[in-house]
Amino acid sequence: MRQLKLSKAFTLMESGPVILVTTHNGNKNNIMTISWTMVLDFTSAFAITTGEWNYSFAALRKNKECVIAIPAVDMLDRVVGIGTCSGADTDKFSKFKLTPVHGKVVKAPLIKECMANIECKVIDIIRKHNIVVLKAVAAYVDFARKEKRTVHAVGDGTFIVDGRKMDRRKMMASKVPEGV
Ligand SMILES: Cc1cc2nc3c(=O)[nH]c(=O)nc-3n(C[C@H](O)[C@H](O)[C@H](O)COP(=O)(O)O)c2cc1C
């Protein structure tokens with residue numbers, strides 16, 4: 001993976017793909033699947049909805065860091081598998097044959113097989129709505145990866161795969177920050 005400019009990290013999330021979130025709790029790595037996500041602004045701040053019902057949450061709350069890993073459609077069965085078992089009793093990196101890679105800033109690992117990874121700090125937890133607010137501190141993209149289509153969860157167990165990409169960059173010029 002090559003480093004991506006931090007100012008572009010939000011473009012990995014804006015389309016709302018299903019993501020994987022890795023954590024490290026001091027002893028071991030874990031991964032969960034998240035479809036409730038939101039880009040907050042152009043600085044690459046994000047929100048995810050999760051809480052104590054997930055094993056990952058304790059590590060998020062304690063260490064205040066994680067990695068958002070963006071899977072492509074060729075990983076869909078692993079993405080669903082990761083989201084239907086718990087790190088409390090399962091080593092998900094081993095079970096789903098994924099490779100943890102050290103990041104530059106946080107202790108949570110990047111996932112080598114994913115098309116992109118974003119190292120994040122937890123900057124707020126809004127308990128009333130189970131919202132965890134994240135700030136990107138480094139981002140990476142595997143530009144050589146052939147399959148780059150992401151998946152989007154409908155919420156009923158079905159998924160939508162990216163289709164055509166359409167260019168409206170000229171029309172959007174006044175809204176897109178310089179360099180994005
Ligand atoms: C497609 C999919 C999307 C999911 N989205 C979310 C989500 O947005 N928020 C959440 O808290 N859990 C979500 N889950 C459930 C967690 O990924 C699941 O509870 C997982 O087992 C948590 O792992 P952990 O206990 O090891 O942390 C999703 C699961 C799947 C399969």
Side-chain angles (χ1 to χ4, degrees), residues 9-41 44-101 103 106-136 147-163:
F10 80 92
T11 65
L12 300 169
M13 286 283 291
E14 177 106 14
S15 62
V18 175
I19 61 170
L20 299 174
V21 173
T22 78
T23 45
H24 183 85
N25 69 359
N27 294 316
K28 57 183 183 179
N29 296 324
N30 192 28
I31 322 172
M32 67 175 158
T33 303
I34 292 282
S35 55
W36 294 328
T37 68
M38 182 180 174
V39 173
L40 295 181
D41 59 33
S44 290
F46 312 114
I48 60 173
T49 303
T50 192
E52 274 163 12
W53 57 87
N54 286 332
Y55 180 77
S56 305
F57 186 72
L60 274 176
R61 189 175 47 196
K62 182 171 159 236
N63 298 328
K64 301 215 164 3
E65 50 185 44
C66 65
V67 166
I68 291 175
I70 317 272
V73 62
D74 54 2
M75 296 175 69
L76 181 58
D77 287 343
R78 288 197 271 187
V79 167
V80 174
I82 288 163
T84 49
C85 67
S86 177
D89 54 23
T90 308
D91 176 346
K92 298 195 205 179
F93 274 94
S94 160
K95 178 167 182 183
F96 297 102
K97 297 190 171 42
L98 294 170
T99 316
V101 177
V106 305
K107 290 210 171 64
L110 317 183
I111 301 177
K112 185 174 174 231
E113 289 76 10
C114 283
M115 53 181 273
N117 285 273
I118 310 171
E119 293 188 64
C120 294
K121 293 278 186 188
V122 174
I123 55 169
D124 202 1
I125 296 180
I126 304 164
R127 297 304 288 262
K128 189 176 172 197
H129 299 291
N130 301 305
I131 292 171
V132 179
V133 183
L134 306 172
K135 179 93 178 168
E147 180 58 83
K148 291 199 186 73
R149 289 174 300 161
T150 53
V151 287
H152 307 261
V154 176
D156 60 357
T158 65
F159 296 84
I160 295 167
V161 183
D162 279 351

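One-based numbering, in listed order, for ligands and for the atoms of each. Side chains are part of it too, since the values below use all heavy atoms of this structure and drop only hydrogens, waters and symmetry mates. Position 1 is the first residue of the sequence, and the numbers go up from there.
- Nearest to atom 27 (O) of ligand 1 among the protein's heavy atoms is Ser56 OG, 2.5 Å.
- Nearest residue to atom 9 (N) of ligand 1 from Leu60, Thr49, Val21 is Thr49 (criterion: closest heavy atom).
- Using a 4.0 Å cutoff on heavy atoms, Ile82 counts as a contact of ligand 1.
- Inter-residue side-chain proximity for Ile82 and Leu98 is flagged as met; some heavy-atom pair is nearer than 4.5 Å.
- Formation of a donor-acceptor pair under 3.5 Å by the Thr22 side chain with backbone atoms of Leu110 is not found in this model.
- Looking only at protein heavy atoms, the nearest one to atom 8 (O) of ligand 1 is Trp36 N, 2.9 Å.
- Of the residues listed (His152, Arg149, Lys148), the one engaging Asp162 in a side chain to side chain donor-acceptor pair (under 3.5 Å) is His152, and it is the only one.
- Distances from atom 5 (N) of ligand 1 to the heavy atoms of Gly157, Ser35, Ala153, Gly87 show the closest one on Ser35.
- Close approach of ligand 1 to Ser86 (heavy-atom distance below 4.0 Å) involves ligand atoms 25 (O), 26 (O).
- The Asn30 neighbourhood of ligand 1 comprises atoms 24 (P), 26 (O), 27 (O), with distances under 4.0 Å to a heavy atom of that residue.
- The contact set between ligand 1 and Ile34, taken as ligand atoms under 4.0 Å from a residue heavy atom, comprises 5 (N), 6 (C), 7 (C), 8 (O), 9 (N), 10 (C).
- Ranking the protein heavy atoms by distance from atom 15 (C) of ligand 1 puts Gly83 O, 3.8 Å first.
- If you number the atoms of ligand 1 from 1 as listed, the ones under 4.0 Å from a heavy atom of Phe159 come out as 1 (C).
- Side-chain contact between Leu20 and Ile34 is absent, with no heavy-atom pair separated by less than 4.5 Å.
- Partner of Val67 under the side-chain contact (heavy atoms from CB on, under 4.5 Å) criterion, out of Thr23, Ile118, Val106: Val106 alone.
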TODO: For side chain to side chain contact (heavy atoms under 4.5 Å, CB included), just list the numbers for Phe96 and Ile31, CA-CA rounded to whole Å, side-chain angles, deciding distance to a tenth of an Å, and then say yes or no.
DONE: CA-CA 10 Å; Phe96 297 102; Ile31 322 172; 5.9 Å; no
- [ ] Report the C-alpha distance between Val132 and Thr50 in whole Å, list the side-chain angles of each, state the deciding distance to 0.1 Å, and finish with yes or no for side chain to side chain contact (heavy atoms under 4.5 Å, CB included).
- [x] CA-CA 7 Å; Val132 179; Thr50 192; 4.0 Å; yes
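- Contact annotation: for Cys85 versus ligand 1, heavy atoms closer than 4.0 Å belong to the backbone alone.
- The closest protein non-hydrogen atom to atom 23 (O) of ligand 1 is Lys92 NZ, 2.9 Å.
- Residue contact check for ligand 1: Trp53 places a non-hydrogen atom closer than 4.0 Å to it.
- The stretch residues 108-135 participates, sequence neighbours left out, in no ring pair (Phe, Tyr, Trp, His ring centres under 6.0 Å) pair at all.
- Close approach of ligand 1 to Tyr55 is summarised as follows: ligand atoms under 4.0 Å from at least one heavy atom of the residue are 24 (P), 25 (O), 26 (O), 27 (O).
- Taking each of Val132, Asp89, Thr33 in turn, the one with a heavy atom nearest to atom 4 (C) of ligand 1 proves to be Thr33.
- The protein heavy-atom contact nearest to atom 22 (C) of ligand 1 is Asn54 OD1, 3.2 Å.
- Close contacts between ligand 1 and Thr50 involve ligand atoms 10 (C), 11 (O) [criterion: under 4.0 Å to a heavy atom].
- Residues Val73 and Phe159 are not in side-chain contact: their nearest non-hydrogen atoms beyond the backbone lie 4.5 Å or more apart.
- Just one of Ile70, Val79, Val151 meets the side-chain contact (heavy atoms from CB on, under 4.5 Å) condition when paired with Ile19; it is Ile70.
- For the pair Asn29/Lys107, no side-chain contact is recorded, criterion being any heavy-atom separation below 4.5 Å from C-beta on.
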